[in-house]
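Data first, discussion second: the structure below is written as structure tokens.
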Amino acid sequence: MAASLQEVRDACLACRKCGLCETRQNVVFGVGAADAKILFVGEGPGEQEDKTGEPFVGRGGQLLDKYLAHIDLARGESIYIANIVKCRPPQNRDPREEEQAACAPWLREQIRLLQPRIIVCLGRIAAQFLIRPDFRVTREHGTFYQKNGVWLMGTYHPAALLRNPAQKGDALADFCALRDKIAELGLARADAGF
Ligand code: URA
């Protein structure tokens with residue numbers, strides 16, 4: 001069992017457990033603080049992420065940064081950002097079940113080492129994988145579920161918000177609910193103004 005995120009990352013960068021390794025430019029392992037207590041999980045890398053090796057750096061990522069800033073969170077400080085699959089599905093198709101299953105041990109290791117108190121699922125794929133296979137974002141977004149001592153919440157995927165801006169208000173409310181949960185659990189930075 002790996003002792004650090006760095007060790008897991010090194011092993012993940014050489015992964016060839018599913019067909020996505022054939023078409024990837026970079027493995028997008030994840031970024032953030034090693035002591036992060038809030039973990040955001042997306043679906044899988046897109047074109048920009050595949051090019052750079054960083055999660056959520058495209059237009060969706062810029063929107064995510066805005067929502068994070070709205071509740072006084074920022075990349076690299078007290079949060080970690082990862083994906084269900086670490087390699088880009090061709091043409092940004094949904095990752096297949098077997099690809100998600102092949103990639104799951106990496107996320108499991110990230111969760112084991114980070115021990116997050118809160119996991120925010122960005123979009124249906126992450127919420128159905130981590131919360132419940134029949135999770136419906138439109139019905140259940142913003143609701144917190146407790147599982148093995150961790151609070152999980154699903155919200156809209158930033159790319160879905162770019163396609164359907166009418167849902168942006170709901171997503172903002174979900175981030176405000178996240179801010180309340182962070183405060184309730186005593187995870188807020190002292191200077192964050194919660
Ligand atoms: N969409 C995701 O789900 N993850 C990323 O890292 C980028 C876009």
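Indexing begins at 1, ligand by ligand and atom by atom, following the structure's order.
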Could you work out, with salt bridge (charged side-chain N to carboxylate O under 4.0 Å, His left out) as the rule, every residue matching D10, not counting sequence neighbours? none

Using a strict threshold of under 4.0 Å (side-chain N to carboxylate O), is an ion pair present between R179 and D72? no

Every residue of the protein that comes under 4.0 Å of ligand 1, judged on heavy atoms: G42, E43, G44, E49, P55, F56, N83, H157

Expected list for residues 126-142: side-chain donor-acceptor pairs under 3.5 angstrom, two or more places apart:
from	atom 1	to	atom 2	distance (Å)
Q128	NE2	F135	O	2.9
R132	NE	D134	OD1	2.7
R132	NH1	E140	OE1	3.1
R132	NH2	D134	OD1	3.3
R132	NH2	E140	OE1	2.9
R132	NH2	E140	OE2	2.9
E140	OE1	Y145	OH	2.5
E140	OE2	R136	N	3.0
H141	ND1	D174	OD1	2.9
H141	ND1	D174	OD2	2.9

Atom pairs and distances, side-chain donor-acceptor, residues 52-63, under 3.5 Å, sequence neighbours left out:
from	atom 1	to	atom 2	distance (Å)
T52	OG1	Q48	O	2.9
T52	OG1	E54	N	3.3

If you count the non-hydrogen atoms of other residues, nucleotides and ligands that lie under 6.0 Å from CD in E97, is the total more than 12? no

Kindly check if the number of other-residue, nucleotide or ligand heavy atoms within 6.0 Å of NZ (K147) is above 12? yes

